[in-house]
Q: 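I'd like to ask some things about the structure below.
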Amino acid sequence: MYFQIKRIIGYMLGFILFYAPGALFTKAIFYLFGRDINEISIHSSCFRIQIEHLLDGKFFAMDIAFVSFLVVLGIISFFKGAIFCGKFCPAGASTEYLSRLIPTKYKINWSKYVDITPIRYGMLTGYMILPFFGGLLACNYCNFYLFDLFTNYFIWGYFISLTSTLIITTFVWVIILGLFTQGGRGYCNFLCPVGAVQNLIHALGCKFDFVSRINIDKTKCIGCQKCSKVCPMESIKIVQNKAQTNVYNCIICEECVYNCPVKAVSYGKREK
């Protein structure tokens, strides 16, 4: 229970850091670079916009305050992993926790039917090359933006104007890839470019011993599958009766660490 309370507090902190009226992280960056904090909106700290333009060169023409968001995210991802997703993103957490209301027998275990990793990075590639063909997707299927819209409606009473694209995204994000997906993070797995980029950066970081990562002690692991069952990203598989984690979609939520009955899973520097 204590572990789950810590996770929920983390997502509440993420809400305060990135969403109005708090947006403390965004305000701090704007203040640091002498920008007017009254200009802040949900788009001010949008990692998707920056990722979308990494290849077409527009990224380097962006405001330094804007670019700094991606720089900070990259540094954290290198040393700590995709903890923005696993500890601070309320949009991803919302469907993860909502999916727990649905019995397991009604939920899809996508890893049984498809290899998640190539689909995830195929989507990222398409997302980044689309600007070369005159297309942009940053806000069209953004669950982070949708979460902001719904929050404004339910808390502040603001009117929501949903386009057909956002309606479809809501259905896919909340229903198909949320409530009825094992772990509730199907959207995070298949469609989120921010998570995919974090994992790519962390995969590079994991080549160094001083970088924190999920470690599995094969001498302790009993292949009980508890870690794989609680993993919201389906990033843990049991191979030859031993747990094996996939760095390319692990979000460092540490559910596996908390739920391992023999303490075979840990988070920290590479175990010698």
Q: Got a second to check how far Phe66's CZ is from Ile29's CD1, nearest 0.5 Å?
A: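 The CD1 atom of Ile29 is 12.0 Å from CZ of Phe66, to the nearest 0.5 Å.
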Q: Taking ring pair (Phe, Tyr, Trp, His ring centres under 6.0 Å) as the test, write out the residues that go with Phe144, two or more places apart.
A: Tyr19
Q: Tell me if a side-chain donor or acceptor on Lys242 pairs with a main-chain N or O of Gly223 at a distance below 3.5 Å.
A: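 The answer is no, because no donor-acceptor pair under 3.5 Å joins these two groups.
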Q: Does a side-chain heavy-atom distance below 4.5 Å link Tyr145 with Leu166?
A: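 In contact.
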Q: Using a strict threshold of under 4.0 Å (side-chain N to carboxylate O), is an ion pair present between Glu96 and Arg7?
A: yes
Q: Taking atom OG1 of Thr181 and atom OH of Tyr187, what is their separation to the nearest 0.5 Å?
A: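 It comes to 13.5 Å.
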Q: Do Phe15 and Thr151 have side chains that get closer than 4.5 Å, going by heavy atoms?
A: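 Counting from C-beta outward, Phe15 and Thr151 do come under 4.5 Å.
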Q: Quick one: name the residues clustered hydrophobically with Tyr258, using the 4.5 Å side-chain heavy-atom rule over I, L, V, M, F, W, Y, and just say none if it's on its own.
A: Phe3
Q: For Tyr127, what residues pass the ring pair (Phe, Tyr, Trp, His ring centres under 6.0 Å) criterion, not counting sequence neighbours?
A: none
Q: For residues Phe88 and Phe18, establish whether the separation of their ring centroids is below 6.0 Å.
A: no
Q: Residues two or more places apart in sequence or in another chain: which of them pass side-chain hydrogen bond (donor to acceptor under 3.5 Å, both in side chains) with Asn140?
A: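 Scan of Asn140 (side-chain hydrogen bond (donor to acceptor under 3.5 Å, both in side chains), adjacent residues dropped) gives none.
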Q: Rounded to the nearest 0.5 Å, what separation is found between the CD1 atom of Ile108 and the OG1 atom of Thr104?
A: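 If I round to the nearest 0.5 Å, the distance is 13.0 Å.
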Q: Let me check something: any side-chain donor-acceptor pairs from residues 69-82 under 3.5 Å, sequence neighbours excluded? List them with distances.
A:
{"from": "Ser77", "atom 1": "OG", "to": "Leu73", "atom 2": "O", "distance (Å)": "2.7"}

Q: Listed by chain and number, what are the side chain to side chain contact (heavy atoms under 4.5 Å, CB included) partners of Leu136, not counting sequence neighbours?
A: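 By the side chain to side chain contact (heavy atoms under 4.5 Å, CB included) rule, Leu136 matches Glu52, His53, Pro131.
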Q: Between Val262 and Ile238, is there a shared hydrophobic cluster once you connect ILVMFWY residues whose side-chain heavy atoms come closer than 4.5 Å?
A: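 Not linked; separate clusters.
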Q: What I'd like to find out is whether the side chain of Trp173 reaches to under 4.5 Å of the side chain of Leu191, using heavy atoms alone.
A: no
Q: Got a sec, which hydrophobics cluster with Met233, joining ILVMFWY side chains under 4.5 Å apart, including via others?
A: Ile251
Q: Does Ser235 have any side-chain hydrogen bond (donor to acceptor under 3.5 Å, both in side chains) partners at least two apart in sequence or in another chain, and if so, which?
A: none
Q: I'd like to know if the side chain of Lys87 and the backbone of Ile252 have a donor-acceptor N/O pair within less than 3.5 Å.
A: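 Looks like yes, one N/O pair under 3.5 Å.
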Q: Whether Glu255 and Arg100 form a salt bridge (side-chain N of Lys/Arg under 4.0 Å from carboxylate O of Asp/Glu) is what I want to check.
A: yes
Q: Is any side-chain heavy atom of Ile214 less than 4.5 Å from a side-chain heavy atom of Val257?
A: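 Contact flag for Ile214/Val257 side chains = yes.
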Q: Heavy-atom distance under 4.5 Å between the side chains of Lys226 and Cys256, does that happen here?
A: no
Q: Indicate yes or no: at least one non-hydrogen side-chain atom of Phe33 is less than 4.5 angstrom from one of Asp63.
A: no
Q: Between side-chain atoms of residues 115-122 and protein atoms elsewhere (two or more places apart, or another chain), which donor-acceptor pairs fall under 3.5 Å?
A:
{"from": "Thr117", "atom 1": "OG1", "to": "Asn246", "atom 2": "ND2", "distance (Å)": "2.8"}
{"from": "Arg120", "atom 1": "NE", "to": "Asn189", "atom 2": "O", "distance (Å)": "3.1"}
{"from": "Arg120", "atom 1": "NH1", "to": "Asn199", "atom 2": "OD1", "distance (Å)": "2.7"}
{"from": "Arg120", "atom 1": "NH1", "to": "Tyr248", "atom 2": "O", "distance (Å)": "2.7"}
{"from": "Arg120", "atom 1": "NH2", "to": "Cys188", "atom 2": "O", "distance (Å)": "3.3"}
{"from": "Tyr121", "atom 1": "OH", "to": "Ala196", "atom 2": "O", "distance (Å)": "3.3"}
{"from": "Tyr121", "atom 1": "OH", "to": "Tyr248", "atom 2": "O", "distance (Å)": "2.7"}

Q: I'd like to know if Asp217 and Lys263 make a salt bridge, using a cut-off of under 4.0 Å between side-chain N and carboxylate O.
A: no
Q: Phe171: which residues meet the ring pair (Phe, Tyr, Trp, His ring centres under 6.0 Å) condition with it, sequence neighbours left out?
A: none
Q: Nearest 0.5 Å please: distance from the CG atom of Leu124 over to the CG atom of Leu54.
A: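 Leu124 atom CG to Leu54 atom CG measures 9.0 Å (nearest 0.5 Å).
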Q: Would you please name every residue forming a side-chain hydrogen bond (donor to acceptor under 3.5 Å, both in side chains) with Ser111, sequence neighbours left out?
A: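 Here the qualifying residues are Asn109, Glu234.
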Q: Could you tell me whether a side-chain N or O of Arg213 sits under 3.5 Å from a main-chain N or O of Val247, the two making a donor and an acceptor?
A: no
Q: How far does CZ of Arg35 sit from OG of Ser44, to the nearest 0.5 angstrom?
A: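 These two atoms lie 7.5 Å from each other.
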Q: Ala264 and Cys221: which non-hydrogen atoms are nearest, and at how many Å?
A: CB-N, 3.6 Å
Q: Can you list everything that forms a side-chain hydrogen bond (donor to acceptor under 3.5 Å, both in side chains) with Gln198? Sequence neighbours excluded, please.
A: none
